[in-house]
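First up is the structure itself, then whatever we jot down about it.
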Amino acid sequence: MNEEGIEVAGSGGSGDPSREMFAHAAAAFGLLASSARLHIMWALAQGDSDVSQLGARVGRALPTVSQHLAQLKAAGLVQARREGRRHIYSVNDPEILAVIRLMIGHLAQGAIPIPAPVQGRTHPSLPSA
């Protein structure tokens with residue numbers, strides 16, 4: 001356990017996670033760096049859904065949602081089960097949702113400044129100039 005009382009797997013006894021663990025964490029955060037995948041995760045936090053329901057909820061085409069779900073599933077963040085001909089998706093680890101809720105909550109409350117636009121795009125909640 002580290003000084004915050006959190007079990008740190010792969011710390012090698014130093015109290016800090018290993019470089020490999022940081023690399024895995026960076027890859028997971030990179031996967032969640034997509035606003036579409038974050039929105040899908042947010043929608044799944046409200047309940048299990050199939051691709052059609054998710055597409056309608058997040059306002060994206062079904063092939064796009066399917067591709068994002070495949071990436072999230074490959075990373076172990078979501079899981080799927082079959083119900084007849086449909087695949088029903090759910091969040092694999094509720095702790096990931098806690099991280100997402102924490103970040104979005106802090107942004108919404110102004111506790112963390114909203115980052116500047118990336119590559120000329122504006123943040124969806126900011127008014128256009």
Side-chain angles (χ1 to χ4, degrees):
M1 277 197 205
N2 66 9
E3 56 203 34
E4 289 87 21
I6 299 170
E7 184 72 32
V8 180
S11 65
S14 67
D16 288 338
S18 66
R19 286 185 184 190
E20 183 179 67
M21 189 59 60
F22 280 117
H24 290 306
F29 280 118
L31 186 66
L32 292 174
S34 159
S35 63
R37 286 189 291 272
L38 276 175
H39 199 170
I40 289 168
M41 292 292 289
W42 188 268
L44 287 173
Q46 311 311 309
D48 300 355
S49 297
D50 67 12
V51 176
S52 298
Q53 293 166 328
L54 286 170
R57 173 92 191 254
V58 302
R60 299 201 184 253
L62 297 185
T64 301
V65 173
S66 292
Q67 289 174 357
H68 287 301
L69 284 167
Q71 291 175 309
L72 292 167
K73 186 177 175 193
L77 297 176
V78 300
Q79 56 191 356
R81 68 180 186 280
R82 287 193 68 100
E83 286 186 5
R85 294 176 44 195
R86 301 180 323 152
H87 284 92
I88 306 298
Y89 292 89
S90 60
V91 174
N92 201 25
D93 183 358
E95 296 293 324
I96 296 298
L97 294 175
V99 172
I100 293 169
R101 283 187 183 116
L102 182 66
M103 176 59 79
I104 291 174
H106 276 45
L107 286 166
Q109 294 171 0
I112 300 173
I114 294 177
V118 177
Q119 299 175 2
R121 291 183 281 170
T122 59
H123 189 278
S125 66
L126 296 178
S128 300

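Position 1 is the first residue of the sequence, and the numbers go up from there.
- Considering every non-hydrogen atom in both G76 and N92, the closest pair reads O-ND2, 2.9 Å.
- One finds the CH2 atom of W42 at 14.0 Å from the OG atom of S35 (value rounded to the nearest 0.5 Å).
- A heavy-atom distance below 4.5 Å is found between the side chains of I96 and L32.
- Grouping the Ile, Leu, Val, Met, Phe, Trp and Tyr side chains by contacts below 4.5 angstrom, directly or via other members, places I104 with L72.
- The two residues R37 and G30 have their closest heavy-atom pair at NH2-O, 4.2 Å.
- I40 and L97 fall within a single hydrophobic cluster, where Ile, Leu, Val, Met, Phe, Trp and Tyr side chains are chained together by heavy-atom contacts under 4.5 Å.
- At a threshold of 4.5 Å between non-hydrogen side-chain atoms, the residues E83 and D50 do not count as touching.
- For the residue pair L107 and P113, the shortest heavy atom distance occurs at CD2-O, 3.9 Å.
- In plain terms, the two heavy atoms of D48 and S90 that are nearest each other are OD1-CB, 3.0 Å.
- Minimum interatomic distance between S49 and L44 (heavy atoms only, all atoms of both residues): N-CD2, 3.9 Å.
- In the hydrophobic clustering of this structure, M103 groups with I114; members are Ile, Leu, Val, Met, Phe, Trp, Tyr whose side-chain heavy atoms approach within less than 4.5 Å, directly or through other members.
- Atom CZ in R81 sits 11.5 Å away from atom NE2 in H87 (nearest 0.5 Å).
- Rounding to the nearest 0.5 Å gives a distance of 10.0 Å between CG of D93 and CD of Q79.
- When hydrophobic clusters are built by joining Ile, Leu, Val, Met, Phe, Trp and Tyr residues whose side-chain heavy atoms come closer than 4.5 Å, directly or via intermediates, L38 is grouped together with V78.
- Side-chain contact between H68 and S34 is present, with at least one heavy-atom pair separated by less than 4.5 Å.
- When all heavy atoms of L77 and M41 are compared, the closest pair comes out as O-CE, 4.1 Å.
- Applying the 6.0 Å contact sphere to CD of E95 captures no more than 12 heavy atoms from other residues, nucleotides or ligands.
- Separating the OG atom in S18 from the NE2 atom in H24 is a distance of 7.0 Å, to the nearest 0.5 Å.
- More than 12 heavy atoms of other residues, nucleotides or ligands lie within 6.0 Å of CD in Q46, so this atom counts as buried by the packing criterion.
- L62 is connected to Y89 through a chain of hydrophobic side-chain contacts under 4.5 Å among Ile, Leu, Val, Met, Phe, Trp and Tyr, so both are in one cluster.
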